> 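Have a look at the structure that comes next, please.
The structure displayed is predicted, hence computed values, not measured ones. Just so it is clear: chains get the letters A, B, ... in the order the sequence lines come, proteins before strands, and each one is counted from 1.
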Number of protein chains: 2
Amino acid sequence: MSATAQFSTKDRILGAAEELFAQHGFAGTSLRQVTTRADVNIAAVNYHFGSKENLVNEVFRRRMDEMSGRRLAQLKAALQQHPGELEPVLAAFVEPALAMAQDRHGGGAFIRVIARAYAEKNDSLRKFLSDQYGHVLRDFAKAIAGCVPALGKEQLYWRLDFLSGALTYAMADFGLIKRPAGLPEAAHRARAARELIRFAAAGLQADTTDSHSKA
Amino acid sequence: MSATAQFSTKDRILGAAEELFAQHGFAGTSLRQVTTRADVNIAAVNYHFGSKENLVNEVFRRRMDEMSGRRLAQLKAALQQHPGELEPVLAAFVEPALAMAQDRHGGGAFIRVIARAYAEKNDSLRKFLSDQYGHVLRDFAKAIAGCVPALGKEQLYWRLDFLSGALTYAMADFGLIKRPAGLPEAAHRARAARELIRFAAAGLQADTTDSHSKA
DNA sequence: GTCTATAGTCGGATAGAC
DNA sequence: GTCTATCCGACTATAGAC
């Protein structure tokens, strides 16, 4: 179930922590649960990470570096190969997140950890994430602004927030949609990506006039 | 800051718990913090609620009953007064949530509690919410399907999930958008509702053909 | 680098006086 | 219905042997 062999103590702790954080949240997970699952001694976590808070940060860093890298690479390719097109840009934002969710390396748990992080708002963790990965979101904002020039800056940010929310929510298997028993995980995720890109593209390109009344 | 006078012990506990749950999550909030803020004795919470888990449920019930009622009433009015129009239906879904967020009775904290609930996924709380309030979502699904007949059932559910995610995320003040210092809270929320309704209406009405390529 | 043992704190819950 | 006092388990973190 969890990583047990051939990994270093440090990696086993990170893997076990990731799974447990996804299941029970940060505050809801004790270091004792982590070390029990990782099959290491309770003292090891403080030796390797210093504190629980730092362990949380390191759990994030390991995956976020990879996901951000993939997003930016795919964004660059989209801008070169499909200049001016919105959907490839959105795909660059959405697909790496979904790919991670079906990664056999345990990234699947991480995507739910991200959802946790957004909910556990007041933490130093949010500052850590904003400092370390805020530039990724800004790059996407620029790219999307290039595809939808009519969109004002403020409206762009609102709609980006809506996209992020929809992505987070869908990734974490909240909500109504459950994967049908027959459908493989990969196909389900691909479907999710397609649907979300379509939905968000339409939403981002919606009329920008400021009216409160009917369509 | 918190409710202190003229409310019953039970209500003071509920109010304090709501604020703290919003800030620190369920697992991250101790009953001692709750009773300190409510200015009641530590034993009172067990006398009135029996256990921490039950207190969590009651915090939800108090607000969800009200919010669900408003949503359904506004939905009914929308269907009568604007039959076939999508945006009034979406307004019925979005606006009561946002109205609650700016309610002086402390509902503002609750909206972040909802976000917590979605993140703390494995809890008995999720079953409680699904059992008690699932019918509300089903009513909205029906109404939206009536406005966008081309939408298949599965696609409808996907898009409803995206809407829920965007709403939850926006409500909780995650993301890029922060309320400008000058703008009153109420105006900020109204703006959020308008933007989200516009975004979601376009997303829900997006082309439903199943293609992965360009627009 | 990994262990045992423990310090020191805080958690939820309850018993019983008023 | 509200209080004081307390039980007892779980927690993070660390000291110190190996």
Side-chain angles (χ1 to χ4, degrees), chain A residues 2-62 113 116-117 120 122-125 128, chain B residues 2-62 113 116-117 120 122-125 128:
Chain A
S2 80
T4 40
Q6 104 239 31
F7 288 103
S8 71
T9 293
K10 204 169 170 175
D11 281 336
R12 290 214 307 281
I13 292 173
L14 284 171
E18 183 174 79
E19 292 169 18
L20 287 166
F21 288 159
Q23 271 180 44
H24 309 296
F26 306 114
T29 299
S30 72
L31 294 183
R32 297 181 125 82
Q33 291 174 282
V34 172
T35 53
T36 298
R37 177 181 283 233
D39 204 24
V40 303
N41 189 274
I42 173 70
V45 65
N46 270 289
Y47 175 79
H48 286 288
F49 298 97
S51 70
K52 183 179 178 177
E53 181 179 328
N54 194 252
L55 171 62
V56 171
N57 285 353
E58 292 305 315
V59 164
F60 269 85
R61 192 196 307 280
R62 186 174 63 152
V113 176
R116 294 269 178 194
E120 309 214 358
N122 60 329
D123 253 336
S124 66
L125 177 60
F128 171 82
Chain B
S2 81
T4 40
Q6 103 239 33
F7 287 104
S8 71
T9 293
K10 203 168 171 177
D11 281 336
R12 290 214 308 281
I13 293 173
L14 284 171
E18 184 174 77
E19 292 169 16
L20 287 165
F21 289 159
Q23 270 181 43
H24 306 119
F26 307 113
T29 299
S30 71
L31 293 183
R32 297 181 127 84
Q33 290 174 281
V34 171
T35 54
T36 297
R37 176 181 283 234
D39 203 24
V40 302
N41 190 272
I42 173 70
V45 64
N46 270 290
Y47 175 77
H48 286 288
F49 299 97
S51 70
K52 183 179 180 178
E53 182 180 329
N54 195 250
L55 171 61
V56 171
N57 285 353
E58 291 306 315
V59 165
F60 268 85
R61 190 196 310 279
R62 185 173 62 149
V113 176
R116 295 270 175 194
E120 310 214 356
N122 60 328
D123 254 336
S124 66
L125 178 60
F128 171 82

> Rounded to whole angstroms, how far apart are CG on A:Leu31 and P on D:dA13?
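These atoms are roughly 6 Å apart.
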
> Over all heavy atoms of both residues, which pair between A:Ile13 and A:His48 is shortest? Give the atoms and the distance, please.
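So the minimum-distance heavy-atom pair works out to CD1-CD2, 4.4 Å.
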
> A:Phe26 vs A:Phe21 aromatic rings, parallel, tilted or perpendicular, using cut-offs 30° and 60°?
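Rings of A:Phe26 and A:Phe21: perpendicular, over 60°.
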
> Answer with base, sugar-phosphate or nothing: what part of the nucleic acid does A:Ala43 contact at a heavy-atom distance below 4.0 Å?
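Contact class for A:Ala43: base.
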
> Nearest to the side chain of B:His48, heavy atoms from C-beta on, is which of D:dC11, D:dT2, D:dT14?
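Taking heavy atoms from C-beta onward, the closest nucleotide is D:dT2.
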
> Expressed in angstrom and rounded to an integer, what is the separation of A:Asp11 atom CG from C:dG1 atom C1'?
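One finds 15 Å between C1' of C:dG1 and CG of A:Asp11, rounded.
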
> What is the separation between atom CG on B:Asn46 and atom P on D:dT6, rounded to the nearest whole Å?
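After rounding, the gap between these two atoms is 19 Å.
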
> Does a side-chain N or O from A:Thr9 land closer than 4.0 Å to OP1 or OP2 of C:dG1, or not?
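Result: no.
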
> Determine the minimum heavy-atom distance between A:Leu31 and A:Leu55, stating which atoms define it.
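So the minimum-distance heavy-atom pair works out to CD2-CD2, 4.0 Å.
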
> If you compare every side-chain N and O of B:Ser51 against the phosphate oxygens of C:dG12 (OP1, OP2), does one of them come in below 4.0 Å?
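Answer is no, no contact under 4.0 Å.
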
> With a 4.0 Å cut-off on heavy atoms, is A:Thr35 in touch with a base, just the backbone sugar-phosphate, or nothing at all?
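The residue A:Thr35 makes no contact with any strand.
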
> Rounded off to whole Å, could you give me the NZ-to-C1' distance for the B:Lys52 and D:dA10 pair?
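Whole-Å distance recorded here is 13 Å.
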
> Whole-Å distance between C:dG12 C1' and B:Glu53 CD?
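Distance, rounded to whole Å: 13 Å.
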
> Using whole Å, what does the distance between atom P of nucleotide D:dC11 and atom CD1 of A:Ile42 come to?
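Atom CD1 in A:Ile42 sits about 9 Å away from atom P in D:dC11.
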
> If you pin B:Tyr47 and A:Gly50 to their nearest nucleotides in DNA chain D, which one's is more 5'?
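By nearest-heavy-atom nucleotide position, the 5'-most residue is B:Tyr47.
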
> Calculate the interatomic distance between B:Ile13 atom CD1 and C:dG12 atom P; express it in whole Å.
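The answer, rounded to whole Å, is 13 Å.
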
> Taking only the side-chain nitrogens and oxygens of A:Ser30, find out if one of them lies under 4.0 Å from OP1 or OP2 of D:dC11.
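So the side chain of A:Ser30 is within the cut-off, an N or O lying under 4.0 Å from OP1 or OP2 of D:dC11.
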
> Check the distance between D:dC3's P and B:Arg32's CZ and give it to me in whole angstrom.
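These atoms are roughly 15 Å apart.
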
> Heavy atoms only: give me the nearest B:Arg12-B:Phe7 pair and the separation to one decimal.
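Result for this residue pair: NH1-O, 3.0 Å.
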
> Measure from the side-chain heavy atoms of A:Asn41 and tell me the nearest of C:dA5, D:dT6, C:dC3.
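So the side chain of A:Asn41 is nearest to C:dC3.
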
> Would you give the length of the straight line joining atom CD of A:Glu19 to atom NE2 of A:His24, rounded to the nearest 0.5 angstrom?
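Going from CD on A:Glu19 over to NE2 on A:His24, the span is 10.5 Å.
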
